[in-house]
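This report concerns only the one structure given below.
Per chain, numbering begins at 1; letters A, B, ... match sequence-line order.
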Amino acid sequence: MIYACLAILQPAPDIYAMRKLEPDFYLQTDVTQIARQLLGKVLHTWLQGQHCAGRIVETEAYAGATDRASHAYGQRRTARTEVMYAAGGTAYVYLCYGIHHLFNVVTHQAGTPHAVLIRAIEPLLGQDTMSRRRGMVATDVRLGRGPGSVAQALGIHTAHSGYSLLGHDIWIADDGHIYPDNAILATPRIGVDYAGDDALLPYRFIVKNSPSISGTKRQNSHA
DNA sequence: ATACCGATTAACT
DNA sequence: GTTAATCGGTATA
């Protein structure tokens, strides 16, 4: 009886077979490689008493001190960006346009402010909660499309900046899902025109044909 | 203390 | 394709 109820409450994907990513993953030194590897991984949150999860299908790498598009360009340190200097496996969340909370994964060892922006997920678990937070129906394809949408759907906000991704509030897991290289496209990043030549770097990674990908047709066809 | 602007989104024309 | 919304972070005075 009890087990039957549990089965009804947690019917969706086989979340118990998912392996939480460990520090070694986040401590890798090539932030673009991490951004590529994060495609297909599953981002989970257990916030406000709700378990939500979605498969990552769009990311952007920000290469810290040498990257003009990064908040930490030139090794800049402020109260906001201090979190970027933490060890890989930490959440960096900041407010954009006064409205949107953007979730980033800090990578590399402590002192090197690399980060990966999670720009889109395909909802897997907790669609009811996500849709309530987003103010749309649970089947809407826009549930996890765009970085502001991802954070809103998962209940992530700036108060979560600095949280460890090795804990039980926000984490990333590998359920064995693999996207082959021919299913992936690398393009320039979105909204970083101020970054000069660095705006042209192919640091955005998307899963071709995913309904959750943000951006225009043109932005999603670059090679 | 004040001014400017953004790693965006949704609702328009 | 265009644009309003909206406010914390950051730089300047």
Quick one: do A/V105 and A/M84 end up in the same hydrophobic cluster if we chain Ile, Leu, Val, Met, Phe, Trp and Tyr together by side-chain heavy atoms under 4.5 Å apart?
-> no

Is the centre of the A/W171 ring less than 6.0 Å from the centre of the A/H51 ring?
-> yes

Centres of the A/H100 and A/Y97 rings: under 6.0 Å?
-> no

In the 5' to 3' direction, the nucleotides of DNA chain C bounding the stretch that comes under 4.0 Å of a heavy atom in chain A are C/dA5 to C/dA11

Could you let me know what B/dA7 is paired to, Watson-Crick or G-U wobble, both distances under 3.5 Å, or none if it's on its own?
-> none

For A/R76, which contact category applies under a 4.0 Å heavy-atom criterion: base, sugar-phosphate, or nothing?
-> sugar-phosphate

With no hydrogens and no angle check, is any side-chain donor or acceptor of A/E82 less than 3.5 Å from a backbone partner on A/A79?
-> no

Paired with C/dT6: which nucleotide, if any, by Watson-Crick or G-U wobble criteria at under 3.5 Å for both distances?
-> none

Centroid-centroid under 6.0 Å between A/H114 and A/Y62 rings | no

May I ask you to establish whether A/R77 and A/Y85 are in a cation-pi arrangement, using a distance under 6.0 Å from NZ or CZ to the six-membered ring centre and at most 45° from the ring axis?
-> yes

Protein proximity profile, nucleotides 4-13 of chain B - base contact B, sugar-phosphate-only contact S, no contact -, cut-off 4.0 Å on heavy atoms = --BBBSS---

Validate the cation-pi geometry between A/R189 and A/Y203: distance from NZ or CZ to the six-membered ring centre under 6.0 Å, angle to the ring axis within 45°.
-> no

Tell me whether the centres of the aromatic rings in A/Y73 and A/H71 are closer together than 6.0 Å.
-> no

